[in-house]
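Worksheet for the structure shown next.
Please read these numbers as outputs of a predicted model, since none were measured by experiment. Chain identifiers are assigned alphabetically (A, B, ...) following the order of the sequence lines, protein sequences preceding nucleic acid strands; residue numbering begins at 1 within each chain.
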2 protein chains.
Amino acid sequence: MAGIDDVARLAGVSTATVSRALSGRGHVSAASKAKVEEAAARLGYVVSSSASSLASGRTRNVGVVVPFLNRWFFSSVLEGVQQALLRAGYDLTLYNLSGDGDERATVFEQFLLRRRVDAVIAISLELTEAEVRRLHELGKPLVGVGGPIPGVRTLTIDDVAVARLATEHLLGLGHRRIAHIGGDLEFDVDFHLPTNRRLGYEAALRDAGIDPDPRWFAPADFTIRGAYHAAKQLLGVPHERPTAIFAASDEMAIGSILAARDLGMVVPRDVSVIGVDDHDLANFFGLTTVAQFPRGQGEHAVELLMDELEPGKSRAEPSATPLPFELRVRASTARPAE
Amino acid sequence: MAGIDDVARLAGVSTATVSRALSGRGHVSAASKAKVEEAAARLGYVVSSSASSLASGRTRNVGVVVPFLNRWFFSSVLEGVQQALLRAGYDLTLYNLSGDGDERATVFEQFLLRRRVDAVIAISLELTEAEVRRLHELGKPLVGVGGPIPGVRTLTIDDVAVARLATEHLLGLGHRRIAHIGGDLEFDVDFHLPTNRRLGYEAALRDAGIDPDPRWFAPADFTIRGAYHAAKQLLGVPHERPTAIFAASDEMAIGSILAARDLGMVVPRDVSVIGVDDHDLANFFGLTTVAQFPRGQGEHAVELLMDELEPGKSRAEPSATPLPFELRVRASTARPAE
DNA sequence: CTGAAAGCGCTAACAT
DNA sequence: ATGTTAGCGCTTTCAG
């Protein structure tokens with residue numbers, strides 16, 4: 001395995017010049033640079049990351065912490081992060097903290113402190129103040145995706161506004177009896193997303209002069225199956241059925257559509273359904289939804305990080321950057337029947 | 001940031017003893033070990049992975065290469081790998097090679113050669129001989145999940161047997177007109193999975209004295225939507241409709257069920273459907289399927305790796321280890337009507 | 001712009 | 001069982 005000395009010898013320069021030429025840091029004449037590059041290529045030389053990290057203090061590696069891997073939102077964000085990191089020449093070390101707090105503590109103590117990473121991206125994971133402080137002490141930039149962490153740069157859609165938009169779409173079509181399938185409290189640990197979406201829904205109703213009816217709220221677990229059962233309850237009542245459902249995620253909206261079908265109802269004739277996400281399946285089901293863009297969120301997170309990691313960049317102060325979202329009207333919403 | 005010297009000083013021993021005590025390598029008296037651990041804890045000391053790697057040549061980091069992140073199979077394997085690695089004290093560096101060959105080359109040249117990892121796990125990715133050779137030269141163990149790579153330790157279910165089992169289940173129920181929704185050729189690059197499942201299907205039919213009818217084979221792209229359209233074609237013919245569909249994945253089986261419903265057919269009364277995977281949604285849709293266990297496959301892959309990475313273990317020779325699969329009969333299959 | 005040399009923080013011989 | 005010490009392969013002052 002060729003080392004930097006081999007390259008230096010072959011190129012006829014010092015190791016310092018090789019290092020500078022290959023890393024782009026410091027000035028090197030075009031001539032030397034060319035010689036070095038050619039020598040490196042000939043020898044198949046690649047820097048040893050550990051030696052480089054040890055000497056420089058930078059690892060060119062970012063830790064990414066996610067609670068789930070097999071959900072659309074998370075894997076999409078992860079994809080965006082991965083791709084952006086790769087482009088920037090960084091590696092991505094993955095920590096899937098699906099487990100209990102034990103695992104979580106291990107990760108924090110073993111890897112963040114093992115100084116394996118230059119920075120951390122936390123996806124929809126509420127870090128404790130202690131954890132955030134620890135990272136700060138170590139000088140590791142941290143950016144969150146999916147909800148605000150106090151004192152941390154975070155990317156998040158405005159859940160209240162998203163829910164309001166979805167609800168107003170239904171109101172605008174003439175619906176008055178609008179049910180909501182939200183998250184159960186268990187999910188609220190992560191950034192109060194369910195609560196915020198519910199708040200937006202209720203605010204929109206009130207603005208339209210409608211009093212939110214608690215009978216028309218049903219909690220579920222963000223899965224198709226969970227929402228399916230919730231929707232059956234909602235739609236199964238004999239009188240004063242809701243004419244529309246706003247589900248807090250597309251998967252739950254799809255569950256609602258399937259429930260409606262199984263009750264012999266036709267969407268959107270008998271009931272309108274709107275979700276949030278623009279999940280892969282949304283288009284297939286003709287689902288009207290408020291799209292968010294998780295891949296873009298992941299890429300954006302990396303950009304923020306790079307601002308901090310690469311020297312000479314202006315680092316903006318910690319704040320919650322608002323992210324784009326967009327109503328996509330498809331075939332699952334329509335004017336109510338009567 | 002406390003270093004090993006600080007710990008040594010506080011514990012009243014040498015740095016070598018600290019290193020031994022903390023890594024478990026070499027003999028240390030219980031007394032010293034206790035002192036060291038206490039000192040380390042008090043100082044919040046954690047080894048610098050780069051210094052450690054540089055000195056020892058081991059990184060305690062495994063590279064994982066996947067083509068997709070947002071598909072059930074891949075994210076499930078990844079979860080298993082992540083968890084097993086974490087338990088073994090290894091980190092996981094993720095490379096999502098969804099993109100073109102360019103990206104792929106970059107990863108190989110930049111990261112594998114950057115000596116960032118001790119080993120590589122390739123999930124459903126057919127590595128070229130050159131790539132495999134490169135890894136061998138570097139002394140990096142490599143294990144594949146999801147299909148055989150020549151000369152490489154690989155975990156894979158027997159796709160032919162899986163398909164045969166699924167088909168025989170339908171035959172056993174009395175079906176004779178069994179259609180198959182498989183992968184299109186594009187997907188065959190990865191381990192000929194579609195081809196193998198088709199072969200198993202055809203073999204089962206022949207064994208039952210039935211000549212496979214090419215009209216009853218439809219290729220799709222492993223998505224719900226793709227299979228939905230394929231199934232509509234299959235089920236829409238006026239005469240001699242198939243009475244059962246064997247789909248090469250659960251997502252495609254679900255697409256088939258939805259297609260049948262939209263044609264006004266009742267599953268399993270009018271058509272039986274069986275898939276492969278035991279996807280999260282399979283249970284919800286009452287789908288009969290042949291389960292495979294991707295999490296377990298991921299964990300298993302890590303075990304194999306550890307055999308090679310941790311010294312003093314017997315390493316078995318490269319071979320394709322067969323993996324478990326299991327028929328799960330639910331509500332989507334039944335005897336044909338007549 | 002380039003080179004010499006001093007580390008970066010550990011691990012692993014080699015001694016003791 | 002423990003200490004001493006020579007690197008691991010690079011980056012980065014500091015001179016020139």
Nearest-Å distance, [atom1] ([X]) to [atom2] ([N])?
X      : N      : atom1 : atom2 : answer
A/L54  : C/dG7  : CG    : P     : 14 Å
B/R60  : C/dC10 : CZ    : P     : 16 Å
B/H27  : C/dA12 : NE2   : P     : 14 Å
B/L22  : D/dA1  : CG    : C1'   : 17 Å
B/K35  : D/dT2  : NZ    : C1'   : 11 Å
B/R116 : D/dG9  : CZ    : P     : 17 Å

Here the gap from A/E310 atom CD to A/R58 atom CZ, rounded to the nearest 0.5 Å, amounts to 8.0 Å
How far does CG of A/L135 sit from CD of A/E131, to the nearest 0.5 angstrom? 8.0 Å
Working note: A/D91 + B/Y95, criterion side chain to side chain donor-acceptor pair (under 3.5 Å); need CA distance, chi angles, decisive distance, verdict. CA-CA 8 Å; A/D91 278 342; B/Y95 296 90; 2.8 Å; yes
Under 3.5 Å, is there a donor-acceptor pair linking the side chains of B/S52 and B/S49? no
Scan side-chain atoms only and decide if A/N61 and A/T93 contain a donor-acceptor pair under the 3.5 Å cut-off. yes
Within less than 4.0 Å of OP1 or OP2 of [N], is there a side-chain N or O belonging to [X]?
X     : N      : result
A/R58 : C/dC8  : no
A/S32 : C/dC1  : no
A/S48 : D/dC10 : no

Of all the choices, C/dC10, C/dA12, D/dT2, which nucleotide is nearest to the side chain of B/R20 once you look at every atom? D/dT2
B/A55 has its side chain closest, among D/dT13, D/dC8, C/dA12, to D/dC8
Near DNA chain C, which residues from residues 4-19 of chain B have a heavy atom under 4.0 Å away? B/I4, B/A16, B/S19
For the residue pair B/R71 and B/F68, would you count it as a cation-pi contact if the rule is NZ or CZ under 6.0 angstrom from the ring centre and within 45 degrees of the ring axis? yes
Side-chain polar contacts of residues 77-84 of chain A - donor-acceptor pairs under 3.5 angstrom, sequence neighbours left out - could you list them?
from  : atom 1 : to     : atom 2 : distance (Å)
A/E79 : OE1    : A/R295 : NH1    : 2.4
A/E79 : OE2    : B/N70  : ND2    : 3.3
A/Q82 : OE1    : B/N96  : N      : 3.2
A/Q83 : OE1    : A/R295 : NH2    : 2.1

Can you list the steps and then say if B/S50 with B/S53 is a side chain to side chain donor-acceptor pair (under 3.5 Å)? CA-CA 5 Å; B/S50 33; B/S53 310; over 6 Å; no
Using the side chain to side chain donor-acceptor pair (under 3.5 Å) rule, take A/D5 and A/T15 through it: C-alpha gap first, then chi angles, then the decisive distance, then the call. CA-CA 6 Å; A/D5 301 301; A/T15 61; 5.0 Å; no
DNA chain D: B/A51 or A/S52, which has the more 5' nearest nucleotide? B/A51
Have a look at the helix from C/dC1-D/dG16 to C/dT16-D/dA1 and give the angle its two end axes make, five pairs each, rounded to 10 degrees. 30°
